[in-house]
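Okay, so here's the structure we're looking at.
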Amino acid sequence: MHLLFRLVFRIASLALKFALTIVIARTLGFAAVADYGLAVAVSVVSSKLLGLGFSTEINRRLSGENASIAIHEARRLLSLYCVVYFVIAAVVWLIRVGVDLPVFAGMSRGVLVGIMLVAFSEHLGLETTSYVFSLHRPRLGSFLLFIRTGAWAGVAIIALLSGAVRSIESILTLWWVTNVVAALGACGCLWNHEYEGKRFARAKAAGSVTSVRTVWLDGLPFFVATTVLSCLQYGERFIASGIITADQLGRYVFAWSVANSIQTIAYATVVVTTGPRLVRSLGVATADFRAVLRSSARTSICITVLAAAAILALIQPIFRMAHEPVDGATRLMLSTLLISFVLRSIADIYWSAAIALRLGKQVFVVISAVAIFSMPLEWLSVARLGAVGAAFAHLMVSAAIVASVLFVVTRCRERQDERRQRARGACP
């Protein structure tokens, strides 16, 4: 039931954000769409980079049986993030005033402030919402995620169509205010968590509260590996931009965006709860880590395959909205990307397993190796096959990522089982 709840929310969010883009274009014009698109791009990048390497480890700690210490650490991290926001805002403002950069050309003060606040609030909302999921509150987490990613877009659409909102600055304000409200709700859940009041005093007295530096060092390998993985998500697109025409690249980006929706749905419905469940299973004697991992992988595969089949069935009306014909090359490109994102969704599950098992260094090594060896193969594929070759390159990298992370996780579990068997054999 909880899975269906998250699935409905995620599909609704995607539909509302897609509709908002169309409404902004019709009511405010394409200049506003450009500002909105810039805000989206900046928010995506900031959500990843502003975590500064802390996010993975703090969420792993919050998922454990006794989260009281991690809650205290999370409070300190949120204070640190606010300081970082202030410093970045000050630097950006000084650069805008003192340096004539092209990126600021034609951008009003209201749009600049709005984009910065959206970037900061998106990261804050993502961090705090992930804390709720890590504390094993999936229903509340899903509700807050829907408010951040879908509900605000619905309100913005109504406001634009009714004439209550007449500028992109107002849309950006609605966006970041909604993020702040959702973050405050998540913080309320964090502060009131049952372990916080009962066990933190004893844990602190025992001297078990770790430093922010320790959290950073434990999470840094995954932070770097995630950055490399994000580059692999878009690598073939950057390679293709220097080889194929802008028209061909645009068609590829559109197909990529459509196919990517299945990974987004799987992440919001399965992956967000898989990580906390896997961490908890490692700390409970009666839990089965492998069973949780297999169940999550099967669920992710089912959801993504069904979503991919639905997209292929609706390929004509989807591409008609973009005034694009559907020929054999388009079908092949979209089908290839859909298979690729099914594999990426499986990789997300095993990535969560690697986080639970604290395999950051191993994952960083294998993902870096994939990045190094895939670049020339991607270039060759795009150079020979064009946009379809970019899709094949994406699929090739996805397969390599799944194989690498699967190998790391499986090998780690095998070694742990061997150690347990030797320990049992040594017992009298």
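The model shown is predicted, which means the values in this text are computed figures rather than measured ones. By convention here, the first residue in the shown sequence is residue 1.
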With a 4.0 Å cut-off on N to O distance, would you call Arg60 and Glu57 a salt bridge?
yes
Could Asp218 and Arg61 be called an ion pair, given the rule that one side-chain N must be under 4.0 Å from one carboxylate O?
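Yes.
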Straight-line distance of Glu122 CD to Asn179 CG, nearest 0.5 Å:
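Answer for the CD-CG pair, Glu122 versus Asn179, is 4.5 Å.
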Spacing of Ile69 atom CD1 and His72 atom NE2 [to the nearest 0.5 Å]:
10.0 Å
Side chains of [X] and [Y] in contact at under 4.5 Å (non-hydrogen atoms):
{"X": "Ile88", "Y": "Phe120", "value": "yes"}
{"X": "Arg280", "Y": "Ser63", "value": "no"}
{"X": "Val84", "Y": "Leu52", "value": "yes"}
{"X": "Trp379", "Y": "Ile243", "value": "yes"}
{"X": "Glu378", "Y": "His394", "value": "no"}
{"X": "Leu359", "Y": "Val405", "value": "no"}

[X], [atom1] atom: more than 12 neighbouring heavy atoms under 6.0 Å:
{"X": "Arg137", "atom1": "CZ", "result": "no"}
{"X": "Phe223", "atom1": "CZ", "result": "yes"}
{"X": "Lys17", "atom1": "NZ", "result": "yes"}
{"X": "Met375", "atom1": "CE", "result": "no"}

Polar side chain donor-acceptor pair, Ser257 to Asn260, under 3.5 angstrom
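Note: Ser257 and Asn260 side chains miss the donor-acceptor criterion.
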Any donor-acceptor N or O pair under 3.5 Å, side chains Arg411, Gln362
no
Dump the intermediate steps for ring-ring contact (aromatic ring centres under 6.0 Å, His included) on Phe319 and Phe254, then the final yes or no.
CA-CA 9 Å; Phe319 277 77; Phe254 180 75; 5.1 Å; yes
Assess the residue pair Trp256 and Phe341 against the criterion (ring-ring contact (aromatic ring centres under 6.0 Å, His included)); give the C-alpha distance rounded to whole Å, side-chain angles, the decisive distance to 0.1 Å, and a yes or no.
CA-CA 9 Å; Trp256 187 99; Phe341 280 113; 5.4 Å; yes
Cationic tip of Arg148 above Trp175 ring, under 6.0 Å, 45° of axis:
no
